[in-house]
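Reading through the structure tokens given below for one structure.
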Amino acid sequence: IRDRDVTGVQTCALPIWIEFVSRMIIPWFAFVLVACSMATAQDRVGQGPIQPSPVVNLFPDQDVHGNPVAKASFATAKGIVLIFLNPECPVANHYAPEMNRLLAKSGDALLFFGVHSDPSVTREQAAAHAREFGLRFPVVLDPDQVLAEAAGASRTPEVAVMTADSRVLYRGRIDDRYSETGKRRDEPRRRDMELVIDALRSGDRVDVPHTKVFGCPIPKRRDTKKS
């Protein structure tokens, strides 16, 4: 279909059905998209961000000795301390006395748990390890690595301090006795976990929420399945 513009030049006129789509259908479709997006946004108003699962839901009902995990205490604790362990990690085993010392220092303010996130570690192995090194806190298995994932832990003896609603207040080393390259000092220059405990007991903010840790990598589930 040809037509002429005001200058007399011959032009091509659009077919009637194309003009109908461009003038009626496309604006209507755009209106529907905007209306739907506004409705979705209104549905979210007041709901807030999606809340993470409470950390208590990630714990088994029993520790490796068969004792019930005191889940009722999670809501009132100032922090839940997860110490990631492995029976074959010499660095983690070296820290066993320091772990018990920190447990005593924390009193009733924090809950301590040893966590085995290596899927190949059995209940019997974990229980024997706890007895051998005299661990005075409950030890649990984490074969699906839900606790390690929630805490962001990747090594032993990495420590994570979490709130009941799964916020990570601190993650990293116990102290700086081991450098990042594995060189061991006679005495640590900075006792990170002790400072974290002092801050939480006093109701203060943790000044350094993350430190690098030297230790043994936590095997991933896929790694253990391949072996």
Side-chain angles (χ1 to χ4, degrees), residues 47-86 89 92 95-96 98-100 102-119 121 123 126-127 129-130 135-174 192-213 215-221:
Q47 293 181 1
I50 297 175
Q51 297 298 321
S53 174
V55 69
V56 67
N57 294 343
L58 307 179
F59 273 77
D61 293 330
Q62 294 183 339
D63 65 17
V64 296
H65 299 294
N67 300 316
V69 173
K71 294 186 176 183
S73 303
F74 279 55
T76 57
K78 292 187 176 181
I80 296 98
V81 180
L82 309 180
I83 306 175
F84 292 89
L85 306 171
N86 191 300
C89 182
Y95 272 104
E98 179 66 5
M99 296 174 191
N100 286 334
L102 292 170
L103 170 68
K105 180 179 178 62
S106 70
D108 298 329
L110 288 83
L111 298 178
F112 272 63
F113 291 92
V115 182
H116 286 278
S117 294
D118 183 343
V121 174
R123 179 185 294 269
H129 175 262
L135 302 180
R136 299 172 187 167
F137 42 83
V139 177
V140 298
L141 296 181
D142 181 36
D144 293 328
Q145 300 185 336
V146 291
L147 288 172
E149 182 177 346
S154 60
R155 294 183 175 273
T156 61
E158 195 163 4
V159 179
V161 183
M162 304 181 69
T163 62
D165 60 355
S166 297
R167 288 183 296 115
V168 179
L169 302 176
Y170 173 78
R171 185 181 75 249
R173 65 194 181 193
I174 294 175
D192 300 272
M193 263 305 297
E194 186 168 341
L195 294 172
V196 170
I197 292 172
D198 288 341
L200 294 179
R201 291 190 65 181
S202 303
D204 297 330
R205 182 175 60 88
V206 176
D207 290 334
V208 182
H210 180 247
T211 57
K212 292 184 178 180
V213 58
C216 310
I218 297 174
K220 298 297 183 183
R221 282 182 295 168

Among Leu58, Ile80, Leu141, which one satisfies side-chain contact (heavy atoms from CB on, under 4.5 Å) with Leu147?
Leu58
Taking side chain as C-beta onward, heavy atoms only, is Val196 less than 4.5 Å from Leu169?
no
I'd like to know if the side chain of Gln145 and the backbone of Pro219 have a donor-acceptor N/O pair within less than 3.5 Å.
yes
Do Leu135 and His129 come within less than 4.5 Å of each other through their side chains, counting heavy atoms only?
yes
Nearest heavy-atom pair of Pro143 and Pro119: which atoms, and what distance?
O-CG, 3.6 Å
Donor-acceptor contact present, side-chain Asp142 to main-chain Val146, <3.5 Å
yes
Side-chain polar contacts of residues 62-74 - donor-acceptor pairs under 3.5 angstrom, sequence neighbours left out - could you list them?
from	atom 1	to	atom 2	distance (Å)
Asp63	OD1	His65	N	2.9
Asp63	OD1	Gly66	N	3.0
Asp63	OD1	Asn67	N	2.9
Lys71	NZ	Phe59	O	3.1
Lys71	NZ	Asp61	OD1	2.8

Closest non-hydrogen atom pair, Leu111 against Ala77
CG-CB, 3.8 Å
Side-chain atoms of residues 203-213: list all donor-acceptor pairs with protein atoms under 3.5 Å, sequence neighbours left out, distances to 0.1 Å.
from	atom 1	to	atom 2	distance (Å)
His210	NE2	Arg171	NH2	3.4
Thr211	OG1	Tyr170	OH	2.7
Thr211	OG1	Arg173	N	3.0

Where is the tightest heavy-atom contact between Val168 and Ala150, given as atom of each residue plus distance?
CG2-O, 3.8 Å
Kindly give the heavy-atom pair with the smallest separation between Pro138 and Phe112, and that separation in Å.
CD-O, 3.3 Å
Under the side chain to side chain contact (heavy atoms under 4.5 Å, CB included) test, which residues partner Ala75, sequence neighbours left out?
none
State, to 0.1 Å, how close Val121 and His116 come at their nearest heavy-atom pair, and which atoms those are.
CG1-ND1, 4.0 Å
Could you tabulate the donor-acceptor pairs under 3.5 Å formed by side-chain atoms of residues 154-161, not counting sequence neighbours?
from	atom 1	to	atom 2	distance (Å)
Arg155	NH1	Gly215	O	2.9
Thr156	OG1	Cys216	O	3.4
Glu158	OE1	Ser154	N	2.8
Glu158	OE1	Arg155	N	3.1

Test of understanding: with ring-ring contact (aromatic ring centres under 6.0 Å, His included), list the residues that count as partners of Phe137, not counting sequence neighbours.
none
What I'd like to find out is whether the side chain of Met99 reaches to under 4.5 Å of the side chain of Leu85, using heavy atoms alone.
yes
Suppose we screen for side chain to side chain donor-acceptor pair (under 3.5 Å). Which residues come up paired with Asp198, at least two apart in sequence or across chains?
Lys105
